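What you are looking at is a predicted structure, and each value in this text was computed from that prediction instead of being measured. Just so it is clear: chains get the letters A, B, ... in the order the sequence lines come, proteins before strands, and each one is counted from 1.
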Protein chains: 2
Amino acid sequence: MPTHCKACENTDSATKTLTDRGVRLTVLRRDVLQELHHAKQPLGAYDLFDNLKSAGKASAPPAVYRVLDFLVEQGLAHKLRSLSAYAACCLGPHAHQAIFLICRSCGTVNECDIAAPKSLTDTAKSTGFRIEDITIEAMGTCRSCTEAPN
Amino acid sequence: MPTHCKACENTDSATKTLTDRGVRLTVLRRDVLQELHHAKQPLGAYDLFDNLKSAGKASAPPAVYRVLDFLVEQGLAHKLRSLSAYAACCLGPHAHQAIFLICRSCGTVNECDIAAPKSLTDTAKSTGFRIEDITIEAMGTCRSCTEAPN
DNA sequence: ATATCATGGTTATATTATAACCTTAGAGGG
DNA sequence: CCCTCTAAGGTTATAATATAACCATGATAT
């Protein structure tokens, strides 16, 4: 493994963010985050669990779920509800509205930093609904899978 | 039960749509749809199953899941991924982009008929991603729960 | 040093969803 | 009207996802 691994750099940078926030960065948390950063696709909680387990790094599912909740809370990972899976945030560790384009065919996910639709925030505002969390996910087929179907 | 039940009317209207489409409307499908229309909140597959089971109308979970898939396909119901639950579509049986405001506190859901954010469709177009299905859900707190917290 | 609290371990189980295979019943052709 | 074909549903078992509840450990702060 070369020194210049983009995924590791991302992990390091996220790690630094946590430290700066005064939040505790444990080995397990870092391991999970690292796995997510190295994955080409979102990983299910049990994918993560199995990997960490094999490496002698995780004990049981609850540990993994706790870490995932933590990472999502900290804005370092996202839960993709359409997949029941998790992905490292690739847009910086600030809270943001992320939108996902998920390819049904190859499973890759494209995270976009676009604002919530105005019509949505307008509706919320006019009905007095306080938005706390937005999920926006588009399932479909990415260009390369369209052009070179399996 | 009075003759003028809004939920029943909705069910009838949806029912008619199916018939017009030449799609088969079975007793089970109608029962599930009716349950969804009468529910104040989205129902989980097992909520539906338990209710139908008690009424001697359903056999086992797969039957319910099959009906739910069917109803979603036909645009008569929606799956709310944030809740792992299902709600009758209250906007007409045409395929449409629905957006949901889900109150964490009282569980009620507000279905809005707003278009997908332009920024999303633009991004998809520019990257060659073919969108097949969009999930947009906002979790939060509705006005009445904000004003009269439990 | 020790009390406190966040973290993780552990066991068990809840909840959501589907695979695989068989039976029934409705639609349509003869 | 009967037969065939197929869509729908029944049935059993199990997979996949997630959490409850309680205990052990180890960092932190005074």
Exercise for review: Indicate whether OP1 or OP2 belonging to D:dG10 is found under 4.0 Å from a side-chain N or O atom of B:Lys53.
Suggested key: no

**Study point:** Nearest-neighbour nucleotide for the A:Pro61 side chain, D:dG10, D:dT19, C:dG8 considered
**Key:** D:dT19

Practice item. Check whether any side-chain N or O of A:Lys57 sits under 3.5 Å from a backbone N or O of A:Leu28 as a donor-acceptor pair, and report yes or no. Key: no

Exercise for review: Write down the distance between CZ (A:Phe70) and C1' (D:dT19), rounded to a whole number of angstrom.
Suggested key: 20 Å

**Study point:** Presence of salt bridge, B:Lys16 and B:Asp20, under 4.0 angstrom
**Key:** yes

Check your understanding: B:Arg24 side chain N/O closer than 4.0 Å to the phosphate oxygens (OP1, OP2) of D:dA8?
Key -> no

**Study point:** Nearest-angstrom distance from the residue atom CG of B:Leu25 to C1' of C:dA27
**Key:** 16 Å

Practice item. Using a cut-off of strictly less than 4.0 Å, decide whether A:Arg66 has a side-chain nitrogen or oxygen near OP1 or OP2 of C:dA6. Key: no

Exercise for review: Identify, between A:Leu83 and B:Thr26, the residue whose nearest nucleotide on DNA chain D lies closer to the 5' end.
Suggested key: B:Thr26

Exercise for review: Give a yes-or-no answer on whether the side chains of A:Thr135 and B:Glu137 include a donor-acceptor pair shorter than 3.5 Å.
Suggested key: no

Exercise for review: Find the distance A:Lys57:NZ to C:dG9:C1' and express it as a whole number of Å.
Suggested key: 18 Å

Review point. Taking atom types as they are modelled, is there a donor-acceptor pair under 3.5 Å from the base of C:dA14 to the side chain of B:Tyr46?
Key: no

Check your understanding: Out of D:dG9, D:dA18, D:dG10, which nucleotide sits closest to the side chain of B:Arg29?
Key -> D:dG9

Review point. Between C:dT16, D:dG10, D:dT19, which nucleotide has the shortest distance from any of its atoms to the side chain of A:Pro62?
Key: D:dT19

**Study point:** Rounded distance in Å - CG (B:Asp69) to C1' (C:dA17)
**Key:** 10 Å

Check your understanding: Between B:Leu80 (CG) and C:dT16 (P), how many Å, whole number?
Key -> 13 Å

Revision key, fill the gap. From the candidates D:dA18, D:dT11, C:dA17, the one with an atom nearest any side-chain atom of A:Tyr65 is D:dA18

Practice item. Would you please confirm or rule out a distance under 4.0 Å between OP1 or OP2 of D:dA18 and any side-chain N or O of A:Tyr86? Key: yes

Check your understanding: What is the distance from CZ of A:Arg81 to P of D:dT17, rounded to the nearest Å?
Key -> 14 Å

Review point. At how many degrees, to 10°, do the end axes of the helix from C:dA1-D:dT30 to C:dG30-D:dC1 meet when each uses five pairs?
Key: 30°

Check your understanding: What are the two closest heavy atoms between A:Ala88 and A:Glu111, and how far apart are they?
Key -> O-OE1, 4.0 Å

Review point. Are any non-hydrogen side-chain atoms of B:Ser82 and B:Ile102 less than 4.5 angstrom apart?
Key: yes

Check your understanding: When all nucleic acid strands are considered with a 4.0 Å heavy-atom cut-off, which category describes A:Ala60: base, sugar-phosphate, or nothing?
Key -> base

Point to revise | Integer-rounded Å distance: C:dT15 C1' and B:Leu48 CG | key: 15 Å

**Study point:** Any donor-acceptor N/O pair, B:Ser13 side chain to B:Glu9 backbone, under 3.5 Å
**Key:** no

Check your understanding: Taking CG from A:Asp31 and P from C:dG9, how many angstroms apart are they, rounded to a whole number?
Key -> 11 Å

Study note, to complete from the structure: Of A:Lys79 and B:Val67, the one whose nearest nucleotide on DNA chain D sits closer to the 5' end is B:Val67

Check your understanding: Is the side chain of B:Gln74 donor-acceptor paired with the backbone N or O of B:Ala14 at a distance under 3.5 Å, no angle test?
Key -> no

Exercise for review: Could you tell me whether A:Asp133 and A:Lys79 make a salt bridge, using a distance below 4.0 angstrom between a side-chain N and a carboxylate O?
Suggested key: no

Check your understanding: With a 4.0 Å cut-off on heavy atoms, is A:Phe49 in touch with a base, just the backbone sugar-phosphate, or nothing at all?
Key -> nothing

